[in-house]
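Take a look at the structure below.
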Amino acid sequence: MPNDNEKSFADGKILKHVDEGIGIITFNNPDKRNAMSLDMWEGLGQALTGLRDDDAVRVVILRGAGEKAFVSGADISQFEKTRHNAAASEEYSKRSAAQRALLADYPKPTIAAIRGFCLGGGMQVAMLCDIRIAAEASQFGIPAAKLGIAYGYDGLRHLVSLVGPSWARLIMYTGMRLDSAEALRIGLVDRVIANDEWWNATVAIARTISENAPLAVKAAKITIAQVLKDPAGRDMEAIRQTGAACMDSEDFREGRRAFMDKRKPRFTGK
Ligand code: COA
């Protein structure tokens, strides 16, 4: 039986658990290479909300079940009913908009832990996370042009900001697949790790984040998000406030004292 820390959503296709301050969400439909149905988007939103509201959770990892895929894209078998023309497509997009916005503006650091296929909507999920750590045996691509799908502003904005306009065009015009080495070289992922070390290495990164001062991590997250906005849309006051909260915090005092005492700091997020 799952304990309190373990919950499942979307008929078990989205799993959530917490391991020592690290929230873990698993896309769990390995028979379909973890293709994302609309109910999985809803389940993802519920899992993200639960981890957001759990004070014990300091960082969230998203991963796919099995070794073959992170997420192989949107569930194409739903398209005939739900995404067959412009109006249906807009409605379809609206049904995952709240969950995408939640992930985009998530208040805690997020890591996409990618092993296997990361395609289409899977790339969208991975690109909405703060950091992407891939196992060597991963493949990336956005085959929208092979299916006849127009990609929206948000999806392409993230792609362009990670890999630049020229690679974004090559990826979108061809629908090509990239291996992990090429994905690393163009900045689509941040680190590539041998398959058998990848999960432990990803958890180690999450653990490091979870042991750091939460307000300092939050200040970095908020400020980097503002840097990515157009200058006119930047909230400089939010940057000032998060910076002030951090520099006035008990954790900053603890960080200074621990350094002088040559011991490990104990941060509380206050
Ligand atoms: N939507 C719906 N079903 C999918 C899917 C998707 N995005 N990706 C995989 N599946 C299903 C397959 O239809 C197949 O179902 P079946 O067992 O009932 O035949 C099952 O998952 C396994 O896929 P298969 O193609 O046999 O596995 P593979 O390891 O040879 O290839 C992929 C895996 C991911 C490369 C291949 O399935 C694929 O190209 N999927 C579509 C990717 C895509 O276009 N995504 C963008 C959507 S916007």
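Scope of the values below: all heavy atoms of this structure, side chains included, with no hydrogens, waters or symmetry mates. Just follow the structure's listing: the first ligand is 1, and inside any ligand the first atom is 1.
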Polar pairs, ligand 1 vs protein, N/O only, below 3.5 Å.
{"residue": "ligand 1", "atom": "1 (N)", "partner": "A74", "partner atom": "O", "Å": "3.4"}
{"residue": "ligand 1", "atom": "1 (N)", "partner": "I76", "partner atom": "N", "Å": "2.9"}
{"residue": "ligand 1", "atom": "7 (N)", "partner": "S72", "partner atom": "O", "Å": "3.2"}
{"residue": "ligand 1", "atom": "7 (N)", "partner": "A74", "partner atom": "O", "Å": "2.9"}
{"residue": "ligand 1", "atom": "8 (N)", "partner": "S72", "partner atom": "OG", "Å": "3.0"}
{"residue": "ligand 1", "atom": "21 (O)", "partner": "D31", "partner atom": "O", "Å": "3.3"}
{"residue": "ligand 1", "atom": "27 (O)", "partner": "R33", "partner atom": "NE", "Å": "3.3"}
{"residue": "ligand 1", "atom": "27 (O)", "partner": "R33", "partner atom": "NH2", "Å": "3.2"}
{"residue": "ligand 1", "atom": "29 (O)", "partner": "R33", "partner atom": "NE", "Å": "3.1"}
{"residue": "ligand 1", "atom": "29 (O)", "partner": "R33", "partner atom": "NH2", "Å": "3.3"}
{"residue": "ligand 1", "atom": "45 (N)", "partner": "S72", "partner atom": "O", "Å": "2.9"}

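- Here the rule is salt bridge (Lys or Arg N to Asp or Glu O under 4.0 Å) with E250, and of R256, K270, R257 only R257 fits it.
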Anything under 3.5 Å between a donor and an acceptor, one on a side chain of residues 115-123, the other on a protein residue two or more places apart or in another chain? List them.
{"residue": "R115", "atom": "NH1", "partner": "N195", "partner atom": "O", "Å": "3.4"}

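- For N85, the CG atom counts as densely surrounded, since its 6.0 Å shell holds more than 12 non-hydrogen atoms of other residues, nucleotides or ligands.
- Screening residues 165-183 for salt bridge (charged side-chain N to carboxylate O under 4.0 Å, His left out), with sequence neighbours left out, gives E182-R185.
- Applying the side-chain hydrogen bond (donor to acceptor under 3.5 Å, both in side chains) test to D39 and every residue at least two apart in sequence or in another chain returns S37.
- Side-chain contact between L44 and F27: present, with at least one pair of heavy atoms (C-beta onward) separated by less than 4.5 Å.
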